[in-house]
Amino acid sequence: MGTHITVDPVTRIEGHLRIDAEVDGGVVREAWSSGQMFRGIEKILEGRDPRDAWLFTQRFCGVCTTVHAIASVRAVENALGLEVPLNAQYIRNLILAAHAMHDHIVHFYHLSALDWVDVVSALKADPVKAAAIADGLSSWPGNSRHQLQAVQDRVKGFVEAGQLGIFANGYWGHPAMKLAPEVNLLAVAHYLEALEYQRKVNQVVAILGSKTPNIQNLAVGGVANAINLDNQATLNMEKLYRIKDTLDEVQGFIQNVYFTDVCAIGAMYADWLGYGKGVTNYLSVPDLPLDTKGTQFDFPGGTIMNGDLGNVTEIKTFEEAYFKDNVSECIARSWYDGDWTRHPFDEDTVPKYTPYDGRAKYSWVKAPRFQGRPMQVGPLAQVLVGYALGHAPTVKWANKTLETAGAVAKAKLTPAVLHSTLGRHAARMIRTQVIAELAQKHWNLLVNNIGKGDTAIFNPPTFPKGEQRGFGFHEAPRGTLSHWVVIRDGKIANYQAVVPSTWNAGPRDDKNQAGPYEASLVGNPVADPERPLELIRTIHSFDPCIACAIHTFDPGGRELVRVKAL
């Protein structure tokens, strides 16, 4: 007789997610993923002006505001066949790149590192030995003996005062934790440093977007960033060089700390390269457009089926029929009225809640499918597609990652190990390295284009009578995001968003095909059913983003921890 485990809510994510698993013989045999809150903004958009949609769609989520804004304006622009000036493309690209770097740094260090790092163990570390280990990995100046000693003293002060805050209720001492105290100390030091670097790079989003979260500079047809190099109130060289300095500084952290931490921790948990594989159909979309029409990109996209890197189908443009025609969503196991599978243009969003039943309906998340198949989206999909297509920056950083981690593990690692829990972390780091390089490129493209005398930022939209349909996609930090709009006589008649965590967190469909979260948990070890750290590791590797406002209680309703922000 197996053990049934319920983790509800899964914390250190955005939104309410419940995971159920059947464990037998210390191994997960079956799993269910359930989104536990209803969103409904699609209904709010009906009847509104399409030019306003992006302001509403940013409220889908408290974290992924920027990405919904860009997908929304792209959807309306696609419906109208509207081109976007080069400056607007480059400004958007810089915002998206900075947002992605911020998001990926936060995910690894602050949302998932504590699944692998035993903070309490760091109190036993020798700072001298820790500094020596760090010196063998990179020349980062924050790894000195004195700085590591200061971090250890700081953590000790938290523990002695009983004020663990964000470090409370961790799986400290869990048998699945295996890093040496010195490596744990290094990781805690970098956790604290990462708080500063994620803040820095988010300043780029704020400078260009006017604020963050919920940027204010977008418009259907371009951006609202007036360009005048002689005016302090507009985008000028002073602001552009402040952006450049910030990108340089953050890239140093990404290359010298984030890279080495993922390689080292991955190598020290090499057995986890064999867990968490799940669905090996991958979907990504091209991004960082280089022209006004969206036909050339700095990031490639495409699909890979059954993990076969030798057989990739490329998605090349914003008009790609291969993408547009093959996306559908199924609600057979979701809390909506009906049991249909439909294309996003033809969907509705009519909630119909019934009690949780893993054999019937059990989630607010729909089940997206591509050509009828579940697809894994996210950095792993993008990296594998880029690698398969020979995208030079992706190939460079993927090979460097495999070589560096392999040297620490004393084993030859191939791209096949990326189909795993740790592979998703590695891919997210690889993507961050590539984005850091491409952000520098797009800064130069913007500056050079302005230098030629081009200050255009906006093409005004016009809405003809009748119906127009459009879709807009973006390769967001968590993967392929698409918005789908039907416009009738200048008003929104239908709006649907198929988001990355819908692809990954979706339930079974009418063919009983499991979603990526569910499939990835099967075969995972579970050492202690009362403390199912291993389940959390694999789920966190996807970087779940379900919706806003997590509240943490145990089944009996007792408060577990309260953190006060001063």
Side-chain angles (χ1 to χ4, degrees), residues 100 103-104 107-108 259 262-263 266 270 272-288 297-316 320 322-323 326-327 368-371 373-406 412-438 473-482 500-501 503-504 515-517 519-520 538 541-543:
D103 197 286
H104 291 334
H107 174 256
F108 179 70
F259 175 81
V262 171
C263 289
W272 273 84
L273 294 170
Y275 300 126
K277 186 176 184 179
V279 171
T280 58
N281 304 321
Y282 296 99
L283 168 67
S284 70
V285 289
D287 218 314
L288 303 186
F297 299 88
D298 250 336
F299 252 139
T303 60
I304 294 171
M305 301 299 181
N306 301 315
D308 182 5
L309 272 61
N311 188 10
V312 58
T313 302
E314 189 171 5
I315 296 171
K316 295 181 179 180
E320 188 71 54
Y322 174 64
F323 180 83
N326 286 305
V327 175
R369 296 294 181 260
F370 192 89
Q371 295 181 328
R373 308 182 207 187
M375 307 292 287
Q376 183 179 158
V377 303
L380 178 55
Q382 187 176 51
V383 166
L384 291 176
V385 168
Y387 196 91
L389 290 172
H391 182 241
T394 299
V395 171
K396 178 184 77 173
W397 281 104
N399 286 340
K400 185 174 180 180
T401 298
L402 293 169
E403 291 166 5
T404 303
K412 182 174 177 58
L413 301 180
T414 69
V417 302
L418 296 176
H419 303 286
S420 64
T421 295
L422 281 177
R424 281 184 281 274
H425 285 294
R428 192 169 286 103
M429 179 273 291
I430 292 165
R431 182 178 193 263
T432 311
Q433 305 296 338
V434 175
I435 286 174
E437 291 185 354
L438 292 177
F473 55 60
H474 163 49
E475 190 67 10
R478 290 160 186 84
T480 297
L481 166 67
S482 58
S501 289
W503 285 101
N504 289 333
Y517 286 8
S520 70
T538 291
S541 73
F542 287 92
D543 192 6

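Owing to the predicted nature of the structure, the values given are computational and were not obtained by experimental measurement.
S520 contributes atom OG, which lies 4.0 Å from atom CZ of F542 (distance to the nearest 0.5 angstrom). The CH2 atom of W397 sits 13.0 Å away from atom CD1 of I435, with the distance rounded to the nearest 0.5 Å. Distance check: L384 CG to S284 OG gives 9.0 Å after rounding to the nearest 0.5 Å. Interatomic distance, CZ of F108 versus OG of S541, reported as 12.0 Å (0.5 Å rounding). In this structure, Q433 CD and T394 OG1 are separated by 11.5 Å, a value rounded to the nearest 0.5 Å. Here Y282 contributes atom OH and Q382 contributes atom CD; the two are 14.0 Å apart, rounded to the nearest 0.5 Å.
Side-chain contact between M375 and R369 is absent, with no heavy atoms from C-beta onward closer than 4.5 Å. By the 4.5 Å heavy-atom criterion applied to side chains, T280 and Q376 are not counted as neighbours. Counting heavy atoms from C-beta on, the side chains of P286 and F473 come closer than 4.5 Å. Put simply, the side chain of S420 does not reach to within 4.5 Å of the side chain of Y275, judged on heavy atoms. Within the 4.5 Å cutoff, side-chain heavy atoms of L418 are placed close to those of L380. Y387 places a side-chain heavy atom less than 4.5 Å from the side chain of N399. Taking the side chain as every heavy atom from C-beta outward, V262 and R428 never approach each other to under 4.5 Å. Proximity of P374 to W503: side-chain heavy atoms (C-beta onward) are nowhere separated by under 4.5 Å.
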Going through the checks in order, is the side-chain contact (heavy atoms from CB on, under 4.5 Å) test met by F297 and L288?
CA-CA 5 Å; F297 299 88; L288 303 186; 5.8 Å; no
Evaluate the side-chain contact (heavy atoms from CB on, under 4.5 Å) criterion for residues N504 and R478: first the C-alpha distance (whole Å), next the side-chain angles of each, then the deciding distance (0.1 Å), finally the verdict.
CA-CA 9 Å; N504 289 333; R478 290 160 186 84; 5.9 Å; no
Using side-chain contact (heavy atoms from CB on, under 4.5 Å), reason through H104 and M429 one step at a time and then give a plain yes or no.
CA-CA 7 Å; H104 291 334; M429 179 273 291; over 6 Å; no
Could you please spell out the steps behind the side-chain contact (heavy atoms from CB on, under 4.5 Å) verdict for H425 and H107?
CA-CA 9 Å; H425 285 294; H107 174 256; 3.5 Å; yes
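Put simply, the side chain of D298 never gets that close to the backbone of D287: no donor and acceptor are under 3.5 Å apart. Looking at D308, its side chain does come within 3.5 Å of a backbone N or O of G310 through a donor-acceptor pair.
In plain terms, the two heavy atoms of L283 and T480 that are nearest each other are O-OG1, 3.3 Å. Listed here is the closest heavy atom pair of L402 and P415: CD1-N, 3.7 Å. For the residue pair P500 and L481, the shortest heavy atom distance occurs at CD-CB, 3.8 Å. Taking all atoms of both residues into account, the shortest heavy-atom contact from G386 to P300 is CA-CG, 3.9 Å. Shown here for L413 and G406, the closest heavy-atom pair between the two residues is CD1-N, 3.6 Å.
A salt bridge does not link E475 with R431: none of the charged nitrogens is closer than 4.0 Å to a carboxylate oxygen. Taking a cutoff of 4.0 Å between a charged side-chain nitrogen and a carboxylate oxygen, D543 and R424 do not qualify as a salt bridge.
A donor-acceptor pair shorter than 3.5 Å can be found between the side chains of T538 and T421.
Partner of E314 under the side chain to side chain contact (heavy atoms under 4.5 Å, CB included) criterion, chosen from T303, L389, V385: L389.
Annotation: cation-pi pair K316/Y322 absent, no NZ/CZ under 6.0 Å from the ring centroid and within 45° of its normal.
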